[in-house]
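The first residue of the sequence shown is numbered 1, and numbering continues consecutively from there.
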Amino acid sequence: MALTVFLGTHAIAALPGARGALRRRLGEGGYLVGYSGLSLALLVWLTVATLGSPFVALWPPQPFAAVLLVAVMPGALILLVAALTEANPFSLGFSGRTFDPRRPQTCGRVAHPLFMAFGLWAGLHLLANGDVAGALYFGPLLVLALVGPAVASAKAKARYGAVQLDLWRRAARAASPTARLPALRTWIGGLLLYGAILSLHGPLIGLDPRDMLP
């Protein structure tokens, strides 16, 4: 039920007519806040439903998957914070900041940080969990992360135009290497978030990733 509602909500939001009507009614800011809040609430519901499901193994535990999770998730969370706090005309953006192609920050190297973050998170957890409930939870989220960049690119093209996006893209590529790195606040926010999740994963989810390390 939770998975059906989660996927259905995102499918409806992807329809241009429905998305346009909601934006006109709520405004751009109201739409983003409302959609983000609803997505988060549905994700929590889906998480609770998954945690309450019986464990049916699809493959045996893979110790290397836990190592990958602990090693890669800091980068994924830095990308998540970048998507939430840095200007990015090429993909979904939530910061409201003005994009400066001379200092593109994260999107100068990764055009779709939000989807890359979710893809890493879902893919590595799918591999590490190895059960039916985990596959039903992380599998669709991984598909959304893989499909999302194409949808976000189409939205960006419709909003800014292909010519403007190409100009920004060329200017961003010409920026200095340090200007194409996440902002300092992004690094700090991502690492703090990683520390919090690592500490709370055991009490909230029931499994500490560090206990799975070889």
Run the side-chain contact (heavy atoms from CB on, under 4.5 Å) check on Phe118 and Leu144 step by step: do they pass?
CA-CA 9 Å; Phe118 268 91; Leu144 285 176; over 6 Å; no

Between Asp131 and Leu58, is the side-chain contact (heavy atoms from CB on, under 4.5 Å) condition met? List the steps.
CA-CA 5 Å; Asp131 67 317; Leu58 291 174; 5.6 Å; no

Between Ser153 and His112, does the side-chain contact (heavy atoms from CB on, under 4.5 Å) criterion hold? Intermediate values first, please.
CA-CA 9 Å; Ser153 294; His112 303 281; 3.1 Å; yes

Evaluation steps, side-chain contact (heavy atoms from CB on, under 4.5 Å), between Asn129 and Phe138:
CA-CA 9 Å; Asn129 282 30; Phe138 293 110; 3.6 Å; yes

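Cluster membership for Leu126 and Ile197, using ILVMFWY side-chain heavy atoms within less than 4.5 angstrom, is shared. Taking hydrophobic clusters as Ile, Leu, Val, Met, Phe, Trp and Tyr residues chained together by side-chain heavy-atom distances below 4.5 Å, Val163 does not share a cluster with Trp168. If you chain together hydrophobic residues whose side chains sit under 4.5 Å apart, Leu181 and Val72 never meet in one group. Taking hydrophobic clusters as Ile, Leu, Val, Met, Phe, Trp and Tyr residues chained together by side-chain heavy-atom distances below 4.5 Å, Leu124 shares a cluster with Leu198. Residues Phe115 and Leu165 do not share a hydrophobic cluster, clusters being chains of Ile/Leu/Val/Met/Phe/Trp/Tyr side chains in contact below 4.5 Å.
Proximity of Leu184 to Ile188: side-chain heavy atoms (C-beta onward) are separated by under 4.5 Å at one or more points. Using a 4.5 Å heavy-atom cutoff, the side chains of Pro113 and Asn88 are in contact. Using a 4.5 Å heavy-atom threshold, the side chains of Pro74 and Leu191 count as touching. Annotation: side chain of Phe64 is in contact with side chain of Leu127 (closest heavy-atom distance under 4.5 Å).
Side chain of Arg109 to backbone of Pro177: a donor-acceptor contact under 3.5 angstrom is found.
Ring orientation note: the planes of His125 and Trp121 are tilted relative to one another, at an angle of 30° to 60°.
Minimum interatomic distance between Pro101 and Ala175 (heavy atoms only, all atoms of both residues): O-CB, 4.0 Å. The heavy-atom pair separating Leu92 from Ala152 by the smallest distance is N-CB, 4.2 Å. Of all heavy-atom pairs spanning Ile78 and Pro182, the tightest one is CG2-CG, 4.1 Å. Phe90 and Ala111 get closest at one heavy-atom pair: CB-O, 4.2 Å. Contact detail for Ala82 and Thr106: the closest heavy-atom pair is CB-OG1, 3.4 Å. Across Ala179 and Arg102, no two heavy atoms sit closer than the pair CB-O, 3.5 Å.
Other residues, nucleotides and ligands contribute more than 12 heavy atoms inside 6.0 Å of the CZ atom of Arg169.
Side chains of Thr186 and Glu86: a donor-acceptor N/O pair is present below 3.5 angstrom, by distance only.
Applying the side-chain contact (heavy atoms from CB on, under 4.5 Å) test between Val110 and each of Met116, Arg180, Gln105 identifies Met116 as the sole match.
Atoms OG and CG, from Ser199 and Asp208 in turn, are 8.5 Å apart once rounded to the nearest 0.5 Å.
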